[in-house]
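Report on the following structure.
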Amino acid sequence: MTLYAEVVLSLPVSQAFTYSIPESLSTKALVGSRVLVPFGQRIMTGFIVRLRRKKQSSDIKLKDIVEVLGEEPVFASSFLSFTRKLSDYYYSSWGDVLQASLPPSFILKSQVRVSLTEKGKEAVRKEGLPQEEKELLSFLRDKEYSILFLKRKLKIKNLSALLSRLEKKGLVHMLRDIKRTGHKKAPSVSRSEAQLEMDFSLDSPSRKTADEMASVLGKQVFSPFLLYGSQEKRESVYFYLIRRILEQGRRILFLVPEIALTQALREQFEKRLGEKVALLHSRLTERMRELEWLRIKKGEAHVIVGPRSALFAPVDNLGLIVVDEEQDESYFQPENPSYDARKGAWLRAKQEKAGLVYGSAIPSVSAFYRARRRGYLMELRGRGEKKRVEIVDDRREKGLISRRLAERIATKLKKKESILVFLNRRGYASYLLCSNCNFVPRCVRCDIALAYHKKEKKLICHYCDYQTPAEENCPDCGSRMIRGRGVGIEAVEEELKGIFPQSRIAAFATDLKREEQEKILQGFKRGEIDILIGTQLLAHQADLPQASLVSILYPETLLTLSDYKASQKTFQAISQMMRFLRKKEGAEIIIQTALPHHFSICQAACEDYMSFFEQELNFRRLMKYPPFTHLVEVLFQGESLRFVARQSRGFLSRVRDASRDIEILGPALAPISKLRGKSRIQVILKAKTKKDLDDVLEKLLQSIKVRKSIHVFDL
DNA sequence: AGCACGCCGACT
DNA sequence: GTCGGCGTGCTC
């Protein structure tokens, strides 16, 4: 009997496509199978999400599935439901989500190989062909090439049109086949041979909390928790819970914000639990990723550690998902597909009837608010000693380094103690300007001033990475260029070197190569560097050693952004940097700022999360921001501002017609109003519930004809 | 997302 | 008059 399969493809359309299953594939084609299907002129990898007996409507002729890839379905049906809900929630494509869940090598596509026909070979020898045709044909003289290669090699504008013309004339032959990745030998997987350590130092209040959680988790129902407490205390609770889940024979998904944190965690798990751990992240080689994915799929790994993308690990029998450092914004993925792994973890845990533990010492206000309201907040009491923190008002200072900070640095240098300086801006200055005519060099493709990188003598666009040599004189009037406001770490480095010429100073930034970064970190670790200056990236290094003076410069830069989370981000950034203070007599933190009284800075400085929370929550309530509302940001992008503007206005009027429950902000130029030559217009929709938005957007979003990205915010 | 189809300006 | 640009719309 003929069966039909609904197949989802990685396309920006929400619908599934129906294919008929040929008799020969009927036993292999199952729900969750990875299949090859003909789609237009191409062959694509898709996923069967449903089988049916009958066609839906009789008027379309259906194509056959070409092939079922792999022996077993790649997705369990509960995984399909989970990803479906996730993509609905974020208005992103289900197919994109499914594709992102697999190692890249699992996705096969047809590749067109172009070669000359006999007639074509003759034609090359003859004269009288148009320039472009001649160029292409002689290039193909003795070998076949892929279209992609030809595109890169020859600079022909409309290659595909040219090719189809030549194919019609019978001069070239286009062979469509499936690109298969050759399997190289598996690299040996290094495993730590560390001795098992059975050290679980749970103090008695933490033990009580952990027991309470464990007894709920034992029931194998969806049970969320927000574990609020210091890193150290959280960790012991995690280990305790993980052991209990392992005893039940269930598996654990452990999410962390940064790939950099995964390796250390894996070693810890292997050491302390003796368990089979798998790592899953995008920086693994393609082959490694495939191997780890297969190990997880086969059930050989019991604990899976990774960043946000590990949310899609093929674990079955899931007992617990941990989302550590819940406040970290890197759980949000803006594009392709757009989702937030924190909400994703909720959806998956719910689907799998598993436990869910968010952990943080400084939770996002929305998470804290919800946890407290719905009664799943678990507090681990007993904070460490308060740190010594001083806020220095920068407004009366002449230099970049205040006199007070310089004095404290001098003291530490004398004692041969290490110093960290954080400043969240790369380069030397955020722009250059002409001392005479005020000309500011801007990026040609983005509507933004170019940052000045003095060491490399370059002007760099921090958004699209466009680079150009920095000229000393104004191209317009020839006067000297001077640095604008907004200093970066290079300027701080220069000034510190001027004040402390004897000391060893280094700057750590994204612009450096990986080996250089590693060298600096190692140098600082060994005490060969006295003062280390760095951006947020430095604060994200897992193995950055602590220092006895942590200086935080101008944390208020984040506050100038038009972002409802600006205060929270500032509070979190300062708190995170403060963690690098050595626990030692005389260790101190100096925050140098022009906004010494802003609550996010003061309360971070006095480590008063609760006060920050209350104040920020109040702001969110007054302004009707999450957690009291849901926001959807729709970003329209296109070549012409006119067209993009018209699209956005049209979209908004349709939203207005469709609902009175949606508040509209904009349309307005996006914060980065032009990126890589594309104009950007932003619209923000605000509603009391997500459903208010869904009711309207599910239909309307498909009618947008320009490139768009949609971001959902509820944290 | 690709890719084909279809309608208007600059060339043999 | 054709070529070839890219706007519009479909892909089971």
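Convention: sequence-line order gives letters A, B, ...; per-chain numbering from 1. Being a predicted model, the structure only gives us computed values, none of them experimental. No hydrogens, no waters, no symmetry mates; every other heavy atom, side chains included, goes into these values.
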Q. Who pairs with A:P104 by side-chain contact (heavy atoms from CB on, under 4.5 Å), at least two apart in sequence or on another chain?
A. A:E286, A:R289
I need the [atom1]-[atom2] distance between [X] and [N], as an integer number of Å.
X	N	atom1	atom2	result
A:F47	C:dC12	CZ	P	17 Å
A:I107	B:dA1	CD1	C1'	14 Å
A:R707	C:dG9	CZ	C1'	19 Å
A:L11	B:dA1	CG	P	9 Å
A:E6	C:dT11	CD	P	16 Å
A:Q41	C:dC12	CD	P	9 Å
A:R50	C:dC12	CZ	P	20 Å
A:I43	C:dC12	CD1	P	11 Å

Q: Kindly compute the distance separating CZ (A:F713) from OH (A:Y564), expressed to the nearest 0.5 Å.
A: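 It comes to 6.0 Å.
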Give the table of side-chain donor-acceptor pairs shorter than 3.5 Å for residues 656-666 of chain A, with sequence neighbours excluded, one pair per line with atom names and distance.
| residue | atom | partner | partner atom | Å |
| --- | --- | --- | --- | --- |
| A:S659 | OG | A:D661 | N | 2.9 |

Q: Could you tell me whether A:V37 contacts a base, only the sugar-phosphate backbone, or nothing, with contacts defined as non-hydrogen atoms closer than 4.0 Å?
A: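 Contact class for A:V37: none.
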Q: With heavy atoms under 4.0 Å as the rule, sort A:F39 into base, sugar-phosphate or nothing.
A: base
Q: Please check if atom CZ in A:R84 has more than 12 non-hydrogen atoms from other residues, nucleotides or ligands closer than 6.0 Å.
A: no
